[in-house]
Amino acid sequence: MKKINGVIKFNMMKQIKSVFIFLSAVVMCSCQNRSIQFSDVAKKSERIWYEYPAKSWMSEALPIGNGYMGAMFFGGVYEEQIQFNEESLWSGGKGEWDEYNGGNREDAHKYLPKVRQLLKEGRFDEAHVLASKELTGKIKSNKGNSVWEGYGAYQAFGEVFVKTQHSGELENYKRELNISKGIGTISYQLGDINFKREYFASYPKRALVFRFENDAPSGIDYIIRKETVHENVSISFSDNQLILNGKLQNNGMEFESRMLIETDGEVLFTNGKLKVKSAKVVTLYLTAATDYENNYPEYKGRDYKALNHKTIKKVQSTQYKEILAEHKTDFVSLHSRVALELGHTNKDDIPTNERLKTYAEGQSDQSLEALFFQYGRYLIISSSRPRSMPANLQGKWNNVTNPPWAADYHANINIQMIYWPVEVTNLSECHEPLIEYVDNLRAPGSKTAKDFFNTRGWVVNTMNNTFGFTAPGWGFPWGFFPGGAAWYGRHVWEHYEFTQDKNFLKDKGYTIMKEAALFWLDYLTEDEEKWLVSSPSYSPEHGGISTGAYMDIQIAWDIFTNCIKACEVLDADHEFKKELIEAKSNLLPLKIGKWGQLQEWKEDRDDPNNKHRHVSHLFALYPSDQVNLKDTPELSEAAKVSLIARGDEGTGWSIGWKINFWSRLLDGDHAYKLLRRAIKVTEDEGTNMMDGGGIYSNMLSAHPPFQLDGNMGATSGIAEMLIQSHAGEIHVLPALPKAWLEGKITGLKARKGFEIDIEWKDGELTLLKIKSLSGNRINVKYRDKSTVINLKKGEVIRLDRKLKLIE
Ligand code: FUC
């Protein structure tokens, strides 16, 4: 029984039975007018709004961002508070501790044979002690209060406060974030004066823009100041710019923010503040940068002052209206690629906080679910754009110097989850920062591979910072996870699968994947039955040190499989491909345990009462495709048993993951149940690891506390409910819940280069539109029907519920 889980086979029978569709341009023309139309209701619904200013940064303030910078606005009436970030402002690194070297220890691998031997002999406690001492990352802790030197944390940058010197009775207050345009607005009246503010984060201009307007006949007065939690800063004013300069006390990182002010009022600079007199309009353009550069091992050297200078110059020479129009075009060009309408009703006229409350009480609100889906897309567009750094655990939003888990890049589920929906929801460009970042981790990661494992290739463990920390974390049970790099390799492959961009694969992607695979070729060892296993291994964050925790094996399977496919696409590296095929065939097969579960460990020791938030042994089901209903039905059934035992509770991201699992198991109603759980509003800003998850009233996901992965996991889960393309075919409405009787979605992407629109009524497909972007042939499946389509690049077809061509 050596090969329970083989390579996914193309289903020949289905292929033969299928109807072959070859299209002509004539068909394309005749269908031109039959595309999916959205009601005004859907178009209007993409906003979240409130009738009161925010008090809590985490649960109420609203996020905007341009990839490089993020801001949270509160919407205070008499005093506005806008907290802002710049992505590279991090404590830690060599600047904090001159011996810092990404956690690496040169001779660590010398202890590997001994740890392996102890594991072989079943001396787990001793193996744990030795691994904890010798196979953990080097970091300096001398403060006795769990502050670790060198690793650092993402830092709050500063805040802009704007005081309005006017009083009167407050009426008609509204605070809103339009997520399809990327614009925040605040409007209200004080007495008989109308106030309006407009905020956005321009990616093309690399600046945050805040505009304050009033209709008082001779304007009103404002007091504007910038603050920061960091010491050693200087504030100055020149050339209409409020400039904040500083150096982080922690590591000497230099930073600067410049805020250009444009107003019809008179501006005075006194005591570090701007006094604006008799203004009807005040516009602030804020930019920021640091001397950080992603250049291993220095991570320093950017001419940040020149960069800021250039940004402000560009802004100075352009009118506000033009900057706004340019921003809208840029933002909408991404966000509008996908539109989703669920059901008929739209409760958009009810403030979001009230809507969330009634939803948590059990009322239906499908347009809220659609809004939540689009919010995930909004958040990633706002925090991950080409040439920016990737989104971290909090995207780009953080208001403290010691954020939870350092607001870093966790590679044992979190960062990957943040990027799960980008390809399928038509935001491939937003994936690029992750891939760039990953490419830059190869250098430190190959040192870690040598130092700790004596292998070729590169490796990343549980957590990374911005200074190339690729070693295992400094606590073995949570910090040891050499699977990070190969998991990142899956993102590279998915980027290729969706875009079919061979040049990308050839010039960049393949090297990242190959080097991640090399690590696994070397790290895997033979067990007593000659199967390849990892040793030591640790199923993320629970379970004890062992040999052959299945997540490792599934990750090795995944990178080997995808590398083999990449060799085929590129027609290259044939010898290496053979090596991979051989190793893959020797991987320990997945096993079904005594209570019918998919085993998490090599030994059959899963506890049916274990509710741990990590469900790592189902990596094979999602995001990977090693276990899928089409090719491995028994293993899928076992995965289901495991999933039921784990339960429906967890942190925000854990619930997000489970939505994707249930979708892959084609149980739309269970996926939906979890989606409702994910959208359940909470005020908990603590750290509940068991049954915390939900969202805050600003719709940011609560781990708790706020963590972006929960938003993105749910967005990906919704996409998986509507389309799947992992098993070599496009499966339409694979996990449609009963609650979504009616709906439409346009612009989803499928692997092999397709763009898909779907419309359904009474739970039945009514229209399927497929556009081929790469000229590939593929099987399309809807319920028990399937058909092979073979379209030229650019061709479009429309199919009905029987998958028959609509002429
Ligand atoms: C992993 C999880 C935690 C948290 C952290 C950022 O360690 O187990 O729940 O999400 O990442």
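In what follows, every heavy atom counts, from backbone to side chain, and hydrogens, waters and symmetry copies are set aside. Position 1 is the first residue of the sequence; numbering continues from there. When a ligand or atom number is given, it counts from 1 through the structure's own listing order.
Within 6.0 Å of atom NZ in Lys94, more than 12 heavy atoms from other residues, nucleotides or ligands are found, so the atom counts as buried in its surroundings.
At a 3.5 angstrom cut-off on N or O pairs, Asn412 does not count as close to ligand 1. Considering backbone and side-chain atoms together, Gln707 places an N or O closer than 3.5 Å to an N or O of ligand 1. At least one N or O atom of Trp653, backbone or side chain, sits closer than 3.5 Å to an N or O atom of ligand 1.
Residue contacts with ligand 1, taken as heavy atom pairs separated by less than 4.0 Å, do not involve Asp709 at all.
The two atoms that bring Asp648 and Leu674 nearest to each other are O-CD2, 3.3 Å, heavy atoms only. The two atoms that bring Glu541 and Arg613 nearest to each other are OE1-NH2, 3.2 Å, heavy atoms only. Shortest non-hydrogen contact noted between Pro433 and Ser384 is CG-OG, 3.2 Å.
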### Message
Under the criterion ring pair (Phe, Tyr, Trp, His ring centres under 6.0 Å), I'd like the reasoning laid out for Phe453 against Phe519: C-alpha separation, chi angles, the key distance, then a yes or no.
### Response
CA-CA 9 Å; Phe453 306 100; Phe519 167 78; 5.3 Å; yes

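With respect to atom 1 (C) of ligand 1, the closest heavy atom belonging to the protein is Glu541 OE2, 3.0 Å. Ranking protein heavy atoms by distance to atom 4 (C) of ligand 1, first place goes to His703 NE2, 3.4 Å.
Of all the atoms in ligand 1, the ones that sit under 4.0 Å from a non-hydrogen atom of Leu393 are 6 (C). Counting the atoms of ligand 1 from 1 in the order shown, those under 4.0 Å from a heavy atom of Trp405 are 3 (C), 4 (C), 5 (C), 6 (C).
In this structure, Met463 has no heavy atom closer than 4.0 Å to ligand 1.
One finds no salt bridge joining Lys140 and Glu96 here, because no Lys/Arg side-chain nitrogen approaches an Asp/Glu carboxylate oxygen to under 4.0 Å.
No donor-acceptor contact under 3.5 angstrom links the side chains of Asn399 and Glu159, judged on distance only.
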